[in-house]
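A quick note: this is a predicted structure, and the numbers were derived from the prediction, not measured.
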Amino acid sequence: MSQPSAAPQTFEAEVLPQLDSLYRLALRLTTDPMRAEDLVQDTVLKAFRAWHRFQPGTSVRSWLFTILRNTFINDYRRRQREPIAMDIEAAEPLAAFRPAADEDPEGAYFDQIVDAKVLEAIDALPDDFREVLVLSDVEHMSYAEIAEVLGLPIGTVKSRLFRARRQLQRTLYDYAVEMGYLKPRPAPEARP
């Protein structure tokens, strides 16, 4: 099937600006930078092959997120059926190797711990909650766009987002107090 000669330029103009958003979502879904890169690459390849089916005037971002999510789910199902192969002897020497690439390791560590704690809490959310939270709060998608990407009713999107935010608040409360972002709640008075 041949595509019009302008299709690659249109594809690039529409899809390339979405790569960072695709990677952020892929990273939250996979929690592994290398798998996230592979997932984005697979998504872009599938999108290119199906570009002739994209409807101009609709949200390319939602379309790409749908492809990415479906690719992730299919890959997850496939991986569940595969045995895990590991060469312990080859991996063992690398386990202790940690290169010091930063000139300011303490500053880099402090920067990472602030983000890492929040990202760790997001990654610990159940998949259904994490997916909705990332699409809403990280990717700034509307309820309608999230519902379209996930194939859910808008009410379910709102409910999951509310629950995800509540769970994050509970999980990160002590951390926020410790970091000085929040003042501690006053202790309840003891009743006589």
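Listed by chain and number, the residues in a side chain to side chain contact (heavy atoms under 4.5 Å, CB included) with Thr71 are Leu39, Asp42, Thr43, Lys46, Ile67 (sequence neighbours excluded). Residues that satisfy the side chain to side chain contact (heavy atoms under 4.5 Å, CB included) test with Asp128, not counting sequence neighbours, are Arg160. Remark: Asp123 engages Arg28 in a salt bridge (charged side-chain N to carboxylate O under 4.0 Å, His left out) (not counting sequence neighbours). In this structure, the side chain to side chain contact (heavy atoms under 4.5 Å, CB included) partners of Leu45, at least two apart in sequence or on a different chain, are Arg49. The salt bridge (charged side-chain N to carboxylate O under 4.0 Å, His left out) test applied to Asp174 returns no partner, not counting sequence neighbours. Taking Ser159 as the reference, nothing meets the side-chain hydrogen bond (donor to acceptor under 3.5 Å, both in side chains) condition, with sequence neighbours excluded. Looking at residues two or more places apart in sequence or on another chain, you find a side-chain hydrogen bond (donor to acceptor under 3.5 Å, both in side chains) between Asp127 and Arg130. Annotation: salt bridge (charged side-chain N to carboxylate O under 4.0 Å, His left out) contacts of Glu139 (sequence neighbours excluded): Arg24, Arg61. Taking Phe54 as the reference, Trp51, Trp63 meet the ring pair (Phe, Tyr, Trp, His ring centres under 6.0 Å) condition, with sequence neighbours excluded. A search for side chain to side chain contact (heavy atoms under 4.5 Å, CB included) contacts involving Pro33 returns Tyr23, Leu27, not counting sequence neighbours.
Shown here is Gln41, whose CD atom has no more than 12 heavy atoms of other residues, nucleotides or ligands within 6.0 Å.
Side chains of Met141 and Ser62 form a contact here, defined as non-hydrogen atoms less than 4.5 Å apart. Residues Phe48 and Val15 have side chains not in contact (no heavy-atom distance under 4.5 Å, counting atoms from C-beta outward). The shortest distance between side-chain heavy atoms of Leu135 and Val132 does not fall below 4.5 Å. At a threshold of 4.5 Å between non-hydrogen side-chain atoms, the residues Phe11 and Val44 count as touching. For the pair Tyr173/Pro184, a side-chain contact is recorded, criterion being any heavy-atom separation below 4.5 Å from C-beta on. No side-chain heavy atom of Tyr175 sits under 4.5 Å from any side-chain heavy atom of Glu120. Contact check for Phe65 versus Ser59: no side-chain heavy atoms found under the 4.5 Å cut-off.
A single hydrophobic cluster is not seen to contain both Phe162 and Leu172; linkage of ILVMFWY side chains at heavy-atom distances under 4.5 Å, directly or through other members, places them apart. Taken together through direct or relayed side-chain contacts under 4.5 Å among Ile, Leu, Val, Met, Phe, Trp and Tyr, Leu25 and Leu16 form part of one hydrophobic cluster.
When every heavy atom of Ile154 is checked against every heavy atom of Ala147, the shortest pair comes out as CG1-CB, 3.8 Å.
The list of salt bridge (Lys or Arg N to Asp or Glu O under 4.0 Å) pairs with a residue in residues 163-173, not counting sequence neighbours, reads Asp137-Arg165.
Note that the CG atom of Leu68 and the CG atom of Leu29 stand 6.5 Å from one another [nearest 0.5 Å]. Put simply, NE2 on His140 and OG on Ser21 are 8.5 Å apart, with the number rounded to the nearest 0.5 Å. Taking CG from Leu125 and CG from Leu168, the interatomic distance works out to 4.5 Å, rounded to the nearest 0.5 Å.
In this structure a side-chain-to-backbone donor-acceptor pair under 3.5 Å is missing from Gln167 to Ala164. No donor-acceptor distance shorter than 3.5 angstrom exists from the side chain of Thr156 to the backbone of Leu152, with no hydrogens or angles considered. With Thr58 contributing its side chain and Gln55 its backbone, the two residues share a donor-acceptor pair below 3.5 Å.
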Quiz item: Would Phe129 and Leu161 satisfy side chain to side chain contact (heavy atoms under 4.5 Å, CB included), going step by step from the backbone distance to the final call?
Solution: CA-CA 6 Å; Phe129 292 170; Leu161 183 58; over 6 Å; no
Practice problem: Apply side chain to side chain contact (heavy atoms under 4.5 Å, CB included) to the pair Arg35 and Phe72, showing each step before the final yes or no. | Solution: CA-CA 10 Å; Arg35 284 187 52 215; Phe72 170 75; 4.2 Å; yes
